[in-house]
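Notes for the one structure printed next.
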Amino acid sequence: MQPRSTGRQGASQRAKAKVLDRTPVRLTFLLTGGIALLAGVDAALLLLGLGAPVVTVRLAEVHGPLMVFGFVGTVVVLERAVATRRWWAFFSPGLFGLGGLAIMSPLPLAVGQIAFVIGSFFLAAIYAEIWRKQTSASTAVQALGAVTAIMATVLWLGGASIPQIVPAMGLFLILTISGERLELARISPTVDARAELWLLIPSLCLTGSAIAALLWPVIGFPLLGASMLGLVVWLFRYDVATKLIRSTGLPRYMAICLLVGYVWLVVAGGVWLTGGPVYSGPPYDAVLHAIFLGFVISMIMAHAPTILPAVLRRPLPYRPIMYLPVVLLHASLLLRTLWGDARGDVGMVQLGGVINIVALLLFVVIAVVSVIIGVPRRTPAGKRTPTVKRMPPASAVPDGATATVRAARAAAASSDGPGKALRQ
């Protein structure tokens with residue numbers, strides 16, 4: 001028989017998990033990320049030398065960490081915390097969100113930096129919990145992302161400049177997303193243990209190269225570039241997006257966002273490989289926005305229809321208008337990098353930056369309106385479309401399984417559509 005104290009402890013943990021499982025609580029986490037996004041957009045305008053609603057010196061200085069940890073970190077880690085189904089896992093997105101609020105406030109900068117550090121350690125604990133339940137290469141790759149998050153936040157707290165920690169900040173998101181893509185690719189018959197190993201190798205090389213870039217920049221940055229290109233080769237070879245591109249509707253939309261995002265990693269890797277250390281100027285601007293706009297934001301646009309329903313338990317139905325912000329984002333990024341940065345044209349950099357912001361905010365507006373409107377009931381021809389059910393509670397899904405993976409597995413189990421593409 002189970003000891004009474006252990007039973008009470010288990011009941012207490014379940015009660016805490018039940019409270020955090022409520023949609024309004026999760027919405028609070030997303031709200032902090034949304035505030036960080038708006039502040040980050042304001043900071044972007046300041047960095048572009050344009051007028052902004054709020055003008056503070058600190059806001060411009062913390063633009064990178066605010067977007068990476070305060071916005072993207074909160075949203076991405078929240079979905080992982082939901083999938084983990086452990087009440088303490090919510091400390092990670094909570095601390096990322098609070099850290100974002102702190103660094104944009106008059107509080108000492110160290111308050112927000114410490115919140116980011118602790119949030120990163122909780123993220124590592126999340127992956128340790130997942131690893132304890134089931135070891136896999138995908139978890140290892142994502143855990144390396146948590147390691148680079150710890151590296152970036154600790155170094156920033158210790159006095160390192162933001163340009164110095166850009167590789168670690170970038171790898172935090174690149175490895176997190178790549179690990180999830182491996183988790184997703186495992187439903188394909190072409191992905192075996194050897195293929196998983198081939199992703200783990202460049203992931204380890206990227207992590208080691210990030211350390212080398214801090215200690216020996218002249219050697220470390222080319223190694224970063226080469227390792228990045230190796231990671232992209234794997235993604236184009238094994239990611240299911242290469243098959244879903246032949247599908248229709250949401251699967252094709254997601255695939256396009258993913259594949260175009262991978263191209264921007266080629267740009268960043270190429271600059272690091274050929275240009276070596278970049279801490280300022282046009283090459284730095286190109287690398288920074290190729291990673292954090294071209295890749296990361298494109299990944300968010302791709303996964304939003306699966307991540308947000310998992311968190312909010314309300315469907316975010318696919319609509320063709322979602323392509324509009326995607327096209328604006330990548331077209332403006334081309335304008336910013338190939339014309340503005342490459343030619344030293346400040347005006348084109350500013351124009352591209354403004355359209356970048358418009359694309360990002362437009363996507364947010366489309367997503368919010370789509371969630372409010374809900375799933376369309378009828379097609380123009382008058383036929384009823386399948387109804388998207390509410391996402392099940394966290395207790396109904398496997399530990400650690402993300403919304404993206406569950407959605408793809410469901411598609412692969414179907415008899416037609418994207419599932420057929422995955423099985424080919």
Side-chain angles (χ1 to χ4, degrees), residues 79 177-178 180-191 232 235-264 294-312 314-331 359-360 362-392 401-424:
E79 197 261 351
I177 294 169
S178 298
E180 183 168 314
R181 298 312 300 174
L182 170 58
E183 190 176 354
L184 188 57
R186 292 172 68 186
I187 66 177
S188 172
T190 61
V191 177
V232 174
L235 291 169
F236 276 114
R237 171 65 179 84
Y238 292 106
D239 197 316
V240 294
T242 57
K243 297 179 176 62
L244 293 178
I245 194 72
R246 300 193 297 268
S247 187
T248 59
L250 176 60
R252 173 177 285 181
Y253 163 80
M254 294 179 67
I256 289 174
C257 292
L258 291 164
L259 296 177
V260 176
Y262 299 158
V263 172
W264 285 110
F295 175 72
V296 174
I297 297 302
S298 192
M299 298 301 106
I300 290 176
M301 290 179 172
H303 293 138
T306 54
I307 290 178
L308 288 180
V311 174
L312 298 178
R314 287 185 61 87
L316 172 56
Y318 160 77
R319 288 182 170 86
I321 196 175
M322 287 180 175
Y323 277 107
L324 178 57
V326 174
V327 172
L328 281 177
L329 174 69
H330 294 290
L360 180 55
L362 179 60
F363 180 79
V364 172
V365 170
I366 290 173
V368 171
V369 172
S370 294
V371 169
I372 293 173
I373 293 175
V375 182
R377 292 290 180 176
R378 294 182 180 276
T379 64
K383 296 182 179 180
R384 292 181 63 85
T385 59
T387 300
V388 178
K389 298 180 180 179
R390 285 176 175 266
M391 294 298 297
T402 63
T404 305
V405 174
R406 292 197 305 271
R409 286 173 178 168
S414 64
S415 58
D416 52 15
K420 182 178 179 180
L422 286 172
R423 293 190 297 270
Q424 291 176 347

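Just so we're clear, the structure is a prediction, and the values are computed from it rather than from any experiment.
The side-chain contact (heavy atoms from CB on, under 4.5 Å) check on V263 picks up F236, with sequence neighbours excluded. Residues meeting the ring pair (Phe, Tyr, Trp, His ring centres under 6.0 Å) test with F295, sequence neighbours left out: none. Judged as a side-chain contact (heavy atoms from CB on, under 4.5 Å), and not counting sequence neighbours, V327 has no contacts.
Heavy-atom contacts from other residues, nucleotides or ligands closer than 6.0 Å to CG of L324 number more than 12.
Y323 and G249 get closest at one heavy-atom pair: OH-O, 4.4 Å. Taking all atoms of both residues into account, the shortest heavy-atom contact from I245 to T242 is CG2-O, 3.2 Å. The minimum heavy-atom distance linking M301 with A359 is given by the pair CE-O, 4.0 Å. Heavy-atom minimum distance, Y253 versus P305: CE2-CG, 4.4 Å. The two atoms that bring S370 and L316 nearest to each other are CB-CD1, 3.5 Å, heavy atoms only. Pairing each heavy atom of G261 with each of M299, the nearest pair is CA-CE, 3.9 Å.
Listed for the Y238 side chain is no donor-acceptor partner under 3.5 Å among the backbone atoms of R181. Formation of a donor-acceptor pair under 3.5 Å by the S247 side chain with backbone atoms of R252 is not found in this model.
Residue R319 forms a side chain to side chain contact (heavy atoms under 4.5 Å, CB included) with just one option from I366, L250, I373, V369, and that option is I373.
With rounding to the nearest 0.5 angstrom, the NE2 atom of H330 is 10.0 Å from the CD1 atom of I256.
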